[in-house]
Amino acid sequence: MTEKQFVLTGFKNATYLIGANLLSQVFGFVFTLYVARRLGPSEYGLFNSVSAFVGLFSFLTFSGYQKVLIRRISGALQDIEKVLQSVIAFTAFMSLLAVIAANLVSFFIYNESKIHILVAIYAFTLLFNNINTQLMVVPYCHKKMQFIAYASLLQRLIYIIPAAICVSVNPSAYCLVFFYTISTFLNISITYFFAWR
């Protein structure tokens, strides 16, 4: 690869990533304004409380391990499947512990059954997001920045569109929690299908 091709490839990849990230942020901003207005302080505050509470347990998922994994695999792409299988198994186990811990602690802190249900559903995002993060190592190592850009935008829309429709019909924190959890699960399928084909 010549220096000119290297620069053009870098510029193209940066354009994809910046463009997709910008669109994703704009969609997210408009969606947040709409949802906050539609749900009101009590329901939207409940959603934010649940997501913040569950986020406290993300330290158990070893979510920062992706960077170490990218460094390890970049030098030996032929070992990618073997390395990823062992890492995903370990991080999935730790993520399941995080899901269990979030549910157990919520029973000691909160005495509303609605919060327990929301935490029980939303806690699975710890597992699904972690698996998806590990699978995203493949396009990073193969420098498929176009896929990363499209996938991040598609994954955002998979959550925003159904959640906005649900909130317009039934303004409830359940809509956001349910559709966010479902979207994180679907993200695994999208990443696996496009990154591993």
Side-chain angles (χ1 to χ4, degrees), residues 13 16-32 34-35 47-48 50-70 73 80-81 83-100 102 118-167 173-197:
N13 286 339
Y16 279 124
L17 291 174
I18 291 168
N21 189 37
L22 188 65
L23 272 174
S24 182
Q25 295 298 326
V26 168
F27 290 150
F29 179 73
V30 172
F31 174 72
T32 301
Y34 172 72
V35 165
F47 170 72
N48 284 319
V50 167
S51 63
F53 174 77
V54 170
L56 292 173
F57 297 89
S58 64
F59 75 94
L60 292 171
T61 64
F62 290 89
S63 56
Y65 200 70
Q66 184 192 35
K67 292 174 185 171
V68 175
L69 194 55
I70 289 171
I73 292 173
I80 196 166
E81 237 179 281
V83 173
L84 265 181
Q85 285 174 355
S86 62
V87 168
I88 288 175
F90 171 72
T91 56
F93 173 75
M94 294 305 296
S95 297
L96 278 174
L97 286 180
V99 170
I100 293 167
L118 290 172
V119 167
I121 297 168
Y122 196 85
F124 279 98
T125 63
L126 294 171
L127 173 64
F128 300 149
N129 277 331
N130 200 3
I131 292 172
N132 188 55
T133 300
Q134 305 311 324
L135 290 176
M136 285 297 283
V137 166
V138 175
Y140 276 112
C141 289
H142 289 290
K143 299 175 184 168
K144 294 182 178 178
M145 300 304 161
Q146 187 176 359
F147 162 76
I148 294 167
Y150 290 147
S152 66
L153 189 57
L154 180 61
Q155 290 167 352
R156 177 64 72 103
L157 291 174
I158 285 174
Y159 165 55
I160 286 176
I161 294 171
I165 293 169
C166 181
V167 166
Y174 283 111
C175 290
L176 298 181
V177 168
F178 177 76
F179 283 109
Y180 185 74
T181 306
I182 292 297
S183 72
T184 57
F185 176 72
L186 293 175
N187 291 347
I188 297 171
S189 306
I190 291 167
T191 303
Y192 184 80
F193 178 76
F194 287 106
W196 290 77
R197 63 182 183 148

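This one's a predicted model, so the numbers in the text were calculated from it and none came from an experiment.
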Inset, instruction - For Asn187 and Ser183, indicate whether the former's side chain and the latter's backbone hold a donor-acceptor pair under 3.5 Å. - result: yes

**Asked** Any chance OH of Tyr174 has more than 12 other-residue heavy atoms, nucleotides or ligands included, within less than 6.0 Å?
**Response** yes

Closest non-hydrogen atoms of Ala102 and Val119, given as atom of the first, atom of the second and distance, are O-CG1, 3.8 Å

**OP:** Go through the steps to decide whether Leu126 and Val54 satisfy the test side chain to side chain contact (heavy atoms under 4.5 Å, CB included), and finish with yes or no.
**Re:** CA-CA 8 Å; Leu126 294 171; Val54 170; 3.8 Å; yes

Q.
For Val99 and Phe57: C-alpha separation, side-chain torsions, deciding distance, then whether side chain to side chain contact (heavy atoms under 4.5 Å, CB included) applies.
A. CA-CA 8 Å; Val99 170; Phe57 297 89; over 6 Å; no

- prompt: Could you walk me through whether Phe47 and Tyr122 pass the side chain to side chain contact (heavy atoms under 4.5 Å, CB included) check?
  reply: CA-CA 10 Å; Phe47 170 72; Tyr122 196 85; 4.0 Å; yes

* Would you check, one step at a time, whether the test side chain to side chain contact (heavy atoms under 4.5 Å, CB included) holds for Val30 with Tyr34? => CA-CA 6 Å; Val30 172; Tyr34 172 72; 5.5 Å; no

Here the gap from Ile161 atom CD1 to Arg156 atom CZ, rounded to the nearest 0.5 Å, amounts to 12.0 Å

From the list Tyr159, Phe128, Phe179, Tyr180, ring-ring contact (aromatic ring centres under 6.0 Å, His included) with Phe185 holds only for Phe128

With Thr181 as partner, the option from Leu186, Leu127, Thr125 fulfilling side-chain contact (heavy atoms from CB on, under 4.5 Å) is Thr125

With Phe31 as partner, the option from Val26, Leu176, Leu157, Val167 fulfilling side-chain contact (heavy atoms from CB on, under 4.5 Å) is Leu176

* Within the distance-only criterion (no hydrogens, no angle test), does the side chain of Asn130 pair as donor or acceptor with the backbone N or O of Ser95 below 3.5 angstrom? -> no

Taking every heavy atom of Ser58 against every heavy atom of Thr61, the minimum-distance pair comes out as O-OG1, 2.6 Å

Worksheet item: For residues Ser24 and Gln155, is any side-chain donor paired with an opposing acceptor at under 3.5 Å?
Response: no

